[in-house]
Amino acid sequence: MNVPLLPTMYGPARLRELTVAELSELAGEIREFLIDRVSAVGGHLGPNLGVVELTIALHRTFDSPRDKLLWDTGHQAYVHKMLTGRLDGFDKLRKSGGLSGYPNPAESEHDLVENSHASTSLSYADGLARANAFHGHTDRAVVAIIGDGALTGGMAWEALNNIGGEPRRPLIIVLNDNERSYAPTTGAVAEHLAELREGRPVESVFEQLGLSYLGPVDGHDLDALLDVLHQAREQGGPVVVHVRTEKGRGFVHTENNELDRGHAIKPIDPRTGKPLKASTGRSFTQIFGEEIVKLVRARPDIMAITAAMMEPTGLLTLQRAFPDRVIDVGIAEQHAVTMAAGLSMGGIHPVVAIYSTFVNRAFDQLLMDVALHRRPVTFVLDRSGITGDDGPSHNGMWDMSVLQVVPGLRIAAPRDGTRLAELLAEAVEWSEGPTLVRFPKGPAGDDIPAVADFNGVDVLRRVGSLDVLVVSIGALAPVAIEVSEALRAQGIGNTVVDPRWVTPVRPALGDIARRHRMVITVEDNSRTGGVGSTIAQALRDSGVTTPLREFGIPRRFLGHGSRADVLAACGLTARDISLAVTEQMADLAAPPDRTDLDELDSGLLHLLQAHRNKEE
């Protein structure tokens, strides 16, 4: 009986002690390990099953960390982690205190960057190669492993333009061509790669840009991989190694999944491929997917756009029902946004569905190409706030800070599924400029109805005296309600409101805030420049002197873990917030005499007093 090889992998140097036959055995063990561990905890299974032999060949050929390996994107680096001494960490993959789902320099000297945003590796590699040349280092290699999906991003072509312009600078680009990003790769780049895979007599675009080209080669043939990578290492300039791989290879449930080949899975039973946990209700994403179909069916001028995220952003149902009303531009967020501006100029109302973390990449386009021209484009930001297990670069914690500076942009943060449907409908009706609707990853939960409306602001709860005004932003409404309960238990009266549209700030918030002793804002966005800061500025501008305290995400990158764990680490729990408010209330001056209701704003106070009497 053969002794397992995987437990003996103390580091990449171990690979150079094995025969090619043993490397093939190791590849099988790695696949079994991936299926077993990732099925149990969830993660990016399909991409890693497809790069087992390629990763082995890379670490056999190159001497990491002296030679630099850059993964684009980093979700295909699980095998790299296994071969660089992190085998034991997979039991807590993507959990608090456990192994990151992406390369992480804090974990290992073999990881250079936490690169979970696509199309960046060639620029990193160009910089590293230039630094080697500057320092006279000729004994080390720079290798970028980039997928064909990531090659649809404009930044990759900016880098190729510069790399090809320096034909004597060594740099190895391994093109991991599995014909997919999340879903099948589309566009002219995909068609050109297909021509190369089929062996048609065409010159590669890489050669036209001044790079050498090797391949295509079978990415699951270790002999062929080792041979071509050795050739690439001996090149005196930039070279592209075209490697054909199969996403999800070696596991029936990923190989047969035509939608995404097991791109990112939740914990599953590896025998059946079925989820280990039952669904906890409809997600915000699902609700958006249902509502956009209704809107497209009702309005012939609405068209949706996504950047290689058709199913994850909820647009798959729309694509199946109205294929000519959805555009997938590939991993090209900047193009998506400016193209949306062009569609708007042509009489279309575009709905750009994108992850919050990825809209950062198209800020200039949103600002200068959409907002400056007051184009009615609706942005729908999925995965806003804390996403958790994908780590710091996937949290959508900056959108309400960065985008509130955009003139004319209206921003909505629905607290539940019903509000998502309402606010999305309002957004696409707005014709005077851009709108944005943002929501988190995960279940929408139960609806939280308003007990009243005050000039466009939803009043969610009203208890006791007018002590604390709790301004609840978006999906943290359940936390705000819990804070209200905790304050009530301490004898502190409070009002919980949801402004629905957080930008621009509604004047009604000032009217309500001046009647309370203290205002707090609760948001799953950065405190720096967030909604709380904007409300504070609006209150000052209106002459409201009520003290305000913002509760939100601190100005730092957050580690990976569950959404609940990360929110708790940020102090965004009902207990933490209510304790802080109780302490601050004790330091405030005694409340003014509020017995004469006739002297107060009749509209607000009569409304709130009525609800107070009803509860009592």
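Quick caveat, the model's predicted, so the values are computed rather than measured.
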Legend entry - Enclosure of Y10 OH (heavy-atom neighbours >12, cutoff 6.0 Å): yes
Legend entry - N176 side chain to I146 backbone, donor-acceptor under 3.5 Å: no
Inset, instruction - Using the salt bridge (Lys or Arg N to Asp or Glu O under 4.0 Å) rule, take E290 and R282 through it: C-alpha gap first, then chi angles, then the decisive distance, then the call. - result: CA-CA 11 Å; E290 296 165 3; R282 291 194 307 162; 2.3 Å; yes
Legend entry - Flag, side chain of D63 to backbone of R66, donor-acceptor distance under 3.5 Å: no
Inset, instruction - Go through the side-chain N and O atoms of T313 and D382 and say whether any donor and acceptor fall under 3.5 Å apart. - result: no
Legend entry - Side-chain donor/acceptor of Q235 to backbone N/O of A232, under 3.5 Å: no
Legend entry - Main-chain N/O of V351 paired to T378 side chain as donor or acceptor, under 3.5 Å: no
Legend entry - Ring centre gap for H394 and H560 strictly below 6.0 Å: no
Legend entry - Residue pair R244, D218: steps toward the salt bridge (Lys or Arg N to Asp or Glu O under 4.0 Å) verdict: CA-CA 5 Å; R244 296 179 289 106; D218 183 349; 5.3 Å; no
Legend entry - Residues H80 and T55: side-chain donor-acceptor under 3.5 angstrom: no
Legend entry - R197 side chain near E179 side chain, heavy-atom distance below 4.5 Å: yes
Inset, instruction - Taking the side chain as every heavy atom from C-beta outward, state whether F288 and V380 have any pair of such atoms under 4.5 Å apart. - result: yes
Inset, instruction - Check whether any side-chain heavy atom of H59 lies under 4.5 Å from a side-chain heavy atom of S64, and answer yes or no. - result: yes
Inset, instruction - May I ask you to decide if T61's main-chain N or O and R233's side chain share a donor-acceptor pair within less than 3.5 Å? - result: yes
Legend entry - Contact summary for P103 and A77, nearest pair of heavy atoms: CG-CB, 3.8 Å
Legend entry - Close side-chain approach of Q231 and V239, heavy atoms under 4.5 Å: no
Legend entry - Side-chain heavy atoms of V243 within contact of D177, under 4.5 Å: no
Inset, instruction - Any chance you could measure L49, atom CG, to K247, atom NZ, to the nearest 0.5 Å? - result: 11.0 Å
Inset, instruction - Grab the two heavy atoms, one from P392 and one from F557, that are nearest each other, plus how far apart they are. - result: CB-CB, 4.0 Å
Legend entry - Heavy-atom closest pair, residues S356 and G396: OG-CA, 3.3 Å
Inset, instruction - Evaluate the criterion side-chain contact (heavy atoms from CB on, under 4.5 Å) for residue pair L436 and L381; output intermediate values, then yes/no. - result: CA-CA 7 Å; L436 184 148; L381 301 191; 3.6 Å; yes
Inset, instruction - Not counting sequence neighbours, which residues clear salt bridge (charged side-chain N to carboxylate O under 4.0 Å, His left out) with D111? List them please. - result: R86
Legend entry - K68 atom NZ, over 12 foreign heavy atoms within 6.0 Å: yes
Inset, instruction - Check the side chains of T186 and D328 for a donor-acceptor pair under 3.5 angstrom, ignoring hydrogens and angles. - result: no
Inset, instruction - Ignoring hydrogens and angles, tell me if any N or O in the side chain of K81 forms a donor-acceptor pair with the backbone of G85 under 3.5 Å. - result: no
Inset, instruction - Please step through side-chain contact (heavy atoms from CB on, under 4.5 Å) for the pair I145 and L54, ending with a clear verdict. - result: CA-CA 10 Å; I145 304 98; L54 175 58; 4.3 Å; yes
Inset, instruction - Check whether any side-chain N or O of Q76 sits under 3.5 Å from a backbone N or O of D72 as a donor-acceptor pair, and report yes or no. - result: yes
Inset, instruction - State whether a side-chain donor-acceptor pair under 3.5 Å links T8 with R14. - result: yes
Legend entry - Partner of I173 by side chain to side chain contact (heavy atoms under 4.5 Å, CB included), out of L160, V142, V241: L160
Inset, instruction - Please report the closest heavy-atom contact between E258 and R180, naming both atoms and the distance. - result: O-NH2, 2.8 Å
Inset, instruction - Mind running side-chain contact (heavy atoms from CB on, under 4.5 Å) on T152 and V329 for me, showing each step along the way? - result: CA-CA 8 Å; T152 63; V329 300; over 6 Å; no
Inset, instruction - Answer yes or no: does atom CZ of R271 have more than 12 heavy-atom neighbours from other residues, nucleotides or ligands under 6.0 Å? - result: no
Legend entry - Verdict with reasoning, R31 to E53, per salt bridge (Lys or Arg N to Asp or Glu O under 4.0 Å): CA-CA 10 Å; R31 280 199 172 84; E53 290 85 3; 2.8 Å; yes
Inset, instruction - May I ask you to decide if H75's main-chain N or O and N48's side chain share a donor-acceptor pair within less than 3.5 Å? - result: yes
Inset, instruction - Give the intermediate values and the outcome of side-chain contact (heavy atoms from CB on, under 4.5 Å) for residues L196 and H242. - result: CA-CA 9 Å; L196 298 176; H242 186 177; 3.9 Å; yes
Inset, instruction - Could you tell me whether the side chain of V437 reaches within less than 4.5 Å of the side chain of F379, counting heavy atoms only? - result: no
Legend entry - Non-hydrogen side-chain atoms of M303 and P350 separated by less than 4.5 Å: no
Inset, instruction - Give a yes or no on this: more than 12 heavy atoms of other residues, nucleotides or ligands lie within 6.0 Å of atom CG of D324. - result: yes
Inset, instruction - Kindly compute the distance separating NE2 (H192) from CZ (R200), expressed to the nearest 0.5 Å. - result: 11.0 Å
Inset, instruction - Report the C-alpha distance between R438 and D399 in whole Å, list the side-chain angles of each, state the deciding distance to 0.1 Å, and finish with yes or no for salt bridge (Lys or Arg N to Asp or Glu O under 4.0 Å). - result: CA-CA 9 Å; R438 56 102 69 181; D399 55 72; 2.9 Å; yes
Legend entry - Residue pair I331 / S181: nearest heavy atoms and the distance that separates them: CD1-CB, 4.1 Å
Legend entry - Minimum-distance pair of heavy atoms, taken over all atoms of L572 and V479: O-CG1, 4.2 Å
Legend entry - Reported OG-to-NZ distance for the pair S100 and K92, which is rounded to 0.5 angstrom: 13.5 Å
Legend entry - Rounded distance [0.5 Å steps], CG in D447 versus OG1 in T418: 3.0 Å
Legend entry - Name of the residue among F439, F358, Y355 meeting side chain to side chain contact (heavy atoms under 4.5 Å, CB included) with R383: Y355
Legend entry - Side chains of P312 and T285 in contact at under 4.5 Å (non-hydrogen atoms): no
Legend entry - Straight-line distance of T387 OG1 to L558 CG, nearest 0.5 Å: 9.5 Å
Inset, instruction - Nearest 0.5 Å please: distance from the NE2 atom of H335 over to the CD1 atom of I305. - result: 8.0 Å
Inset, instruction - Could you tell me whether the side chain of D148 and the main chain of N178 form a donor-acceptor pair under 3.5 Å? - result: yes
Legend entry - Backbone N/O of G561 and side chain of D565: donor-acceptor pair under 3.5 Å: no
Inset, instruction - Check whether the side chains of T245 and H220 place a donor and an acceptor atom closer than 3.5 Å, and report yes or no. - result: no
